Amino acid sequence: MNEDGLIDSPAVSFSEDEWQGVASAATEDQALYLELDGWEGPLDLLLDLARRQKVDLRRISILELVDQYLTYIEQAEALRLELAADYLVMAAWLAYLKSALLLPREEQPDPSPEELALRLQLRLQRLAAMRDAAARLMGRDRLGRDVFQRGAPEGLRIDRKNLWQCDWFALVQAYGQVKARTVPVVHMVRDRMVMTLDSALSRVSAMLGVNIDWMDLRDFLPPHADPKLKRSALASSFVAALELARLGKAEIAQEHVFGPLKLRGIKA
Amino acid sequence: MTRPDDLVRAVEATLFAAEEPMSAEAISTHLGGANVKDALAELAEQYRTRGVQLVERGKRWHFQTAPDLAHLLRREREETRRLSRAATEVLAIVAYHEPVSRAEIEAIRGVQTAKGTLDVLMEAGWVRIVGRREVPGRPVIYATTPDFLSHFGLESRKDLPGIDELRAAGLLDPVEDALAAAMDVPDVGETEPAEQESTD
Amino acid sequence: MTRPDDLVRAVEATLFAAEEPMSAEAISTHLGGANVKDALAELAEQYRTRGVQLVERGKRWHFQTAPDLAHLLRREREETRRLSRAATEVLAIVAYHEPVSRAEIEAIRGVQTAKGTLDVLMEAGWVRIVGRREVPGRPVIYATTPDFLSHFGLESRKDLPGIDELRAAGLLDPVEDALAAAMDVPDVGETEPAEQESTD
């Protein structure tokens, strides 16, 4: 079903005056008019037929409405007009509804035909209500048709102007940080107490020269030294001992793992 | 005509010059934060009987010509774009039922609504998408815009012609609800109509 | 405000809705040949003190915003904005080193300086171009303005703290150190917060 009715309809626009639609434009005695362009589907046609009964939609005779619809469809078929499927579906449904309504009450199927009829009636009422509402809406004093805004407004323009904010502290801090960021970087290593390998070597070899017995490596360390210097001296002296042993000037002994390291000079 | 006070004159000039309707807030902002409520009311009163009037539409204010002079002005303008019958119906359904999905519009009209129909209404600036309904399929839902209210001369949706009567008559309720009420079934969808024992 | 007579209202609405100024003849034709002279004079008088006025220019009439309210049509709105970090740095460099070229600013900052940054400072009224340096390329050189001094509450540029003072104030420490000091974290990276035994 397309928007504009059954047969390719030219009636895309309509004026508020013709609100009642094409079918309604037909006069009373033209009972057999067959104007198919005007409707937007079977519900629309039904509503138009219902309005012809000239009673409140709440008191509409559904049976009569069904008859009118079926007659209408039959005539269209007799004239070999091509009907869209949904008109035929509605016709079949209404025929069923009619037969169900005519059955004795106790033989009526479920859901009851009264309920189906009521549902149809409610739908017609709602469509009719919206159609009337639309007509009333369109009939209002509309801007640009009945009432007008100013034809040539000057227009309002707002130019934004920035009011910049910055304070003294932010300024000075920014400069400080630029300076800090761009000052050439100088790495300074802190002066630490160390015994170099050279001084350890001369110290150990000198002490080995005057002693002939085995001596613990720790005895070579300077007494009363700062603990940090002691660690450095121990490491240097150990390396010095290894170096002297390699040169054949000293021998090293250790009785067990992690035991005291003993050192003795070799007379050349 | 007495000289209006400065704030009234400023509001008057601002609204005259504005190309679009303005909210009280927008006017106030434009005038440096002044409270314009009273000035607007005074201005509306001063113009009430004139050939030009100050009106409020959807919380936005604008000047427009008096409706009773429409016959004088209409001829110089080409008529506003004519809406198709389908479009007017869809517009009414959106306005009276908003927010509403396309399926709900179609349920009332009994025909499918071409996509183009809603597009025409959105292009006119009268209808817009306001979100999605949180049901399966998450259908898009539509509602009217402030421009819709301005165009049809409505202060708010409460001014829609006949909306109170339609609501009171239940004609804005879905068919299912009305059916339930009419059949006196307390809750549709759960309660099946009580089965009658057939008397064979 | 008394209700103006019908002709006055009609002229009022016609001129309001017109897209161009209209001559008395054109208005008269539009209104079916009525004599609008008196109505125009009356209307002009009624609007004389309002925020909108009816004026005649070259025999044609139109409404316009009252001249004393023209400033409402084109408003300047001032927005307070904080200077960006980059702009603050550039401003500081100009202040400490002026007059200074853009290349020199970049050399001091160690990063390229967007043209926009200097524009912002000139828009703010704190920096101005004071000439060109007589070196190849004749680059523009920048200096601060008197507004700069007054905004920052300085008698003269000599009031800016010197490098030694900045260092003493900790403002020359690398950013991370300053941050750590500000956050009162004794030594970042080594001290983990002591783990509490959970009491299960």
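Every chain is numbered from 1 and lettered A, B, ... according to where its sequence line falls, protein lines coming before strand lines. As the structure is a computational prediction, the values presented were derived from the model and not from experiment.
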Which of I163(B), L91(B), T14(B) touches chain A most, by non-hydrogen pairs under 4.5 Å: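 Result: the option with the highest number of such pairs is T14(B).
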Most contacts with chain A, counted as non-hydrogen pairs under 4.5 angstrom, among E20(B), H62(B), R57(B):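 Ranked by contacts with chain A, first place is H62(B).
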Side chain, backbone, both or neither: which part of [X] has a heavy atom under 4.5 Å from chain A?
| X | result |
| --- | --- |
| L154(B) | both |
| D147(B) | neither |
| L171(B) | both |
| A107(B) | backbone |

Leading residue by heavy atom contact count with chain B [cutoff under 4.5 Å; candidates L46(A), L118(A), L156(A), L122(A)]: L156(A)
Does [X] reach the side chain of [Y], with side-chain heavy atoms less than 4.5 Å apart?
| X | Y | answer |
| --- | --- | --- |
| H71(B) | D146(A) | no |
| R145(A) | L73(B) | no |
| Q149(A) | P21(B) | yes |
| R150(A) | F16(B) | yes |
| M130(A) | Y96(B) | yes |
| E89(B) | L127(A) | yes |
| F148(B) | L137(A) | yes |

Any donor-acceptor N/O pair, T65(B) side chain to F148(A) backbone, under 3.5 Å: yes
Exam field: side chain H151(B) to backbone R142(A), donor-acceptor pair closer than 3.5 Å: no
Nearest heavy atoms of D173(B) and R126(A), plus distance in Å: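 That would be O-NE, 2.6 Å.
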Short N-O contact, R140(A) and D159(B), less than 4.0 angstrom: no
Electrostatic pair E176(B)-R119(A), nearest N-O below 4.0 angstrom: yes
